[in-house]
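Reviewing the structure listed below.
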Amino acid sequence: MKFGIVTFPGSNCDRDCYHVIAEVLRQEVRFIWHQDTSLADIDCVILPGGFSYGDYLRTGSIARFSPIMTAVTAFAESGGIVLGICNGFQILLEIGLLPGAMLRNSRLAFICEDVHIKVEQADTAFTNQCEPGQILTIPIAHAEGNYYADSSTLETLEAHGQIMFRYCDHEGNISREANPNGSTGNIAGIRNRRGNILGMMPHPERCAEDLFGNTDGLKIFSSLLSTMKQTVT
């Protein structure tokens with residue numbers, strides 16, 4: 001089993017993800033440069049957070065044209081597991097692997113803080129180590145995390161259990177006050193209908209070991225590992 005972490009010009013969470021997988025999970029992992037064109041030996045692709053291409057024009061709008069994204073799209077469409085974190089989520093939206101769009105935060109400011117999110121779906125490739133309805137504390141760091149989708153898309157996401165995480169308070173109450181960026185429906189993460197692609201704005205790689213006093217993020221990576229052990233021979 002091997003993880004692959006795509007590095008774009010401006011990525012800054014690629015090494016954090018690498019550390020969690022290599023040092024905490026003790027799994028094989030390699031970086032994939034954005035100009036590469038092959039994912040031949042990879043079982044799970046991670047698009048990390050950061051500021052790809054400086055986030056000029058619009059977050060993720062240039063990264064989607066990187067040569068590696070052709071391979072990522074083919075990998076995802078063949079059922080390969082893809083996780084997009086923050087900027088990675090934005091790139092997945094830009095390239096159309098996940099529905100919706102990302103707007104500027106309603107506060108019109110960059111937000112870097114711990115938030116609470118409720119696990120809406122716990123029987124997936126990305127959350128099988130979580131309990132249904134579990135409250136996770138995971139940091140966010142973004143200026144454009146205000147997820148938007150039209151009513152038809154939202155109905156589809158709801159109908160097919162594709163909303164994975166919602167912002168909430170520490171007791172699990174989903175409210176306007178607990179929404180840090182104005183995201184529609186307090187949505188913090190969604191998956192595709194097939195269930196092999198997840199985009200999430202919070203950063204699980206920043207809270208995945210005891211050193212940081214919070215290991216909630218490790219549940220996401222442990223879920224991925226559990227899935228890969230079941231599906232990869």
Side-chain angles (χ1 to χ4, degrees), residues 3-7 11-27 29 31 44-51 59 81-92 102 105 109-122 124-147 163-174 178-181 183 186-191 197-228:
F3 289 83
I5 300 170
V6 178
T7 299
S11 294
N12 62 15
C13 298
D14 47 342
R15 294 187 179 278
D16 303 80
C17 290
Y18 187 100
H19 171 78
V20 171
I21 295 167
E23 304 300 330
V24 181
L25 290 182
R26 301 289 183 183
Q27 297 299 310
V29 56
F31 291 115
C44 174
V45 172
I46 297 177
L47 304 181
F51 304 91
T59 53
I81 299 172
V82 178
L83 169 63
I85 302 170
C86 196
N87 196 213
F89 184 11
Q90 295 158 339
I91 294 169
L92 290 174
M102 208 63 78
N105 298 338
F110 185 89
I111 304 171
C112 182
E113 61 187 26
D114 281 345
V115 299
H116 303 293
I117 56 173
K118 177 179 283 188
V119 178
E120 296 286 302
Q121 305 293 332
T124 77
F126 306 92
T127 52
N128 55 64
Q129 300 301 301
C130 302
E131 298 295 329
Q134 186 170 3
I135 311 304
L136 305 178
T137 302
I138 298 183
I140 57 172
H142 57 247
E144 296 184 21
N146 183 355
Y147 178 77
I163 298 174
M164 297 286 285
F165 309 108
R166 294 185 196 270
Y167 298 109
C168 64
D169 64 20
H170 69 285
E171 295 181 333
N173 298 307
I174 297 169
N179 189 337
N181 51 34
S183 180
N186 283 46
I187 291 174
I190 61 171
R191 63 173 173 168
I197 306 172
L198 169 68
M200 61 186 296
M201 288 311 295
H203 285 267
E205 77 281 7
R206 296 185 181 181
C207 55
E209 56 187 324
D210 291 331
L211 178 66
F212 296 107
N214 176 10
T215 59
D216 282 359
L218 187 59
K219 293 180 172 63
I220 307 302
F221 293 99
S222 297
S223 295
L224 282 173
L225 181 57
S226 176
T227 299
M228 292 167 67

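Along the sequence shown, residues carry numbers from 1. All of these numbers come straight from a predicted model, not from anything done at the bench.
For the pair P204 and A208, the tightest heavy-atom approach, listed with the atom from each and the gap, is O-CB, 3.6 Å. In terms of heavy-atom proximity, A178 sits nearest to Y167 at O-CB, 3.4 Å. The shortest heavy-atom contact between G49 and H203 is CA-CE1, 4.1 Å. When every heavy atom of I111 is checked against every heavy atom of P180, the shortest pair comes out as CD1-O, 3.0 Å. Closest approach of K219 to C130, counting heavy atoms only: CB-SG, 3.8 Å. Scanning both residues, C86 and A141, for their nearest heavy atoms gives SG-O, 3.6 Å.
A side-chain donor-acceptor contact under 3.5 Å links K118 to the backbone of G172. Between the N186 side chain and the R166 main chain, no donor and acceptor come within less than 3.5 Å of each other. No donor-acceptor pair closer than 3.5 Å links the side chain of S183 to the backbone N or O of A188. A donor-acceptor pair under 3.5 Å is absent between the side-chain atoms of D16 and the main chain of E205, judged by distance alone. Side-chain N or O atoms of N128 include none that pairs as donor or acceptor with a backbone N or O of S226 at under 3.5 Å.
Between the NE2 atom in H142 and the CD1 atom in I140 there is a gap of 4.0 Å [rounded to 0.5 Å]. Note that the CZ atom of F110 and the CG atom of N105 stand 8.5 Å from one another [nearest 0.5 Å]. Rounding to the nearest 0.5 angstrom, the gap separating the CD1 atom in I138 from the CE atom in M201 is 12.5 Å. Here the CG-CZ distance, from L198 to F89, works out to 8.0 Å after rounding to the nearest 0.5 Å. One finds the CD atom of Q134 at 6.5 Å from the CG atom of D216 (value rounded to the nearest 0.5 Å). Once rounded to the nearest 0.5 Å, the distance linking CD1 of I163 with CD of E120 reads 7.0 Å.
Within the 4.5 Å cutoff, the side chain of I21 has heavy atoms near those of the I46 side chain. Under the 4.5 Å side-chain criterion, counting only non-hydrogen atoms from C-beta, C168 is in contact with I174. In this structure, L83 and F3 have side chains that are not in contact, with every pair of non-hydrogen atoms separated by 4.5 Å or more. With a 4.5 Å cut-off on side-chain heavy atoms, I220 and L218 do not count as touching. Residues M164 and V119 are not in side-chain contact: their nearest non-hydrogen atoms beyond the backbone lie 4.5 Å or more apart. The closest side-chain heavy-atom distance from I85 to C17 is below 4.5 Å. Between N181 and Y147 the shortest side-chain heavy-atom distance does not fall below 4.5 Å.
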For this session: For T137 and H170, run side-chain contact (heavy atoms from CB on, under 4.5 Å): C-alpha distance rounded to whole Å, both residues' side-chain angles, the deciding distance at 0.1 Å, then the answer.
Result: CA-CA 8 Å; T137 302; H170 69 285; over 6 Å; no
For this session: Take T227 and F126, measure what side-chain contact (heavy atoms from CB on, under 4.5 Å) needs, and give me the verdict at the end.
Result: CA-CA 8 Å; T227 299; F126 306 92; over 6 Å; no
For this session: Assess whether side-chain contact (heavy atoms from CB on, under 4.5 Å) is satisfied between V24 and F221, documenting all intermediate values.
Result: CA-CA 10 Å; V24 181; F221 293 99; over 6 Å; no
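Partners of F31 under the side chain to side chain contact (heavy atoms under 4.5 Å, CB included) rule, at least two apart in sequence or in another chain, are I5, T7, D14, R15, Y18. By the salt bridge (charged side-chain N to carboxylate O under 4.0 Å, His left out) test, E144 pairs with no residue at all, sequence neighbours left out. Every residue was checked against the salt bridge (charged side-chain N to carboxylate O under 4.0 Å, His left out) condition with E209, not counting sequence neighbours, and none meets it.
None of V115, T127, I190, I187 except one satisfies the side-chain contact (heavy atoms from CB on, under 4.5 Å) rule with F165; the exception is T127.
Within 6.0 Å of CD in E113 there are more than 12 heavy atoms belonging to other residues, nucleotides or ligands.
N87 and S11 share no donor-acceptor pair across their side chains, judged by distance under 3.5 Å alone.
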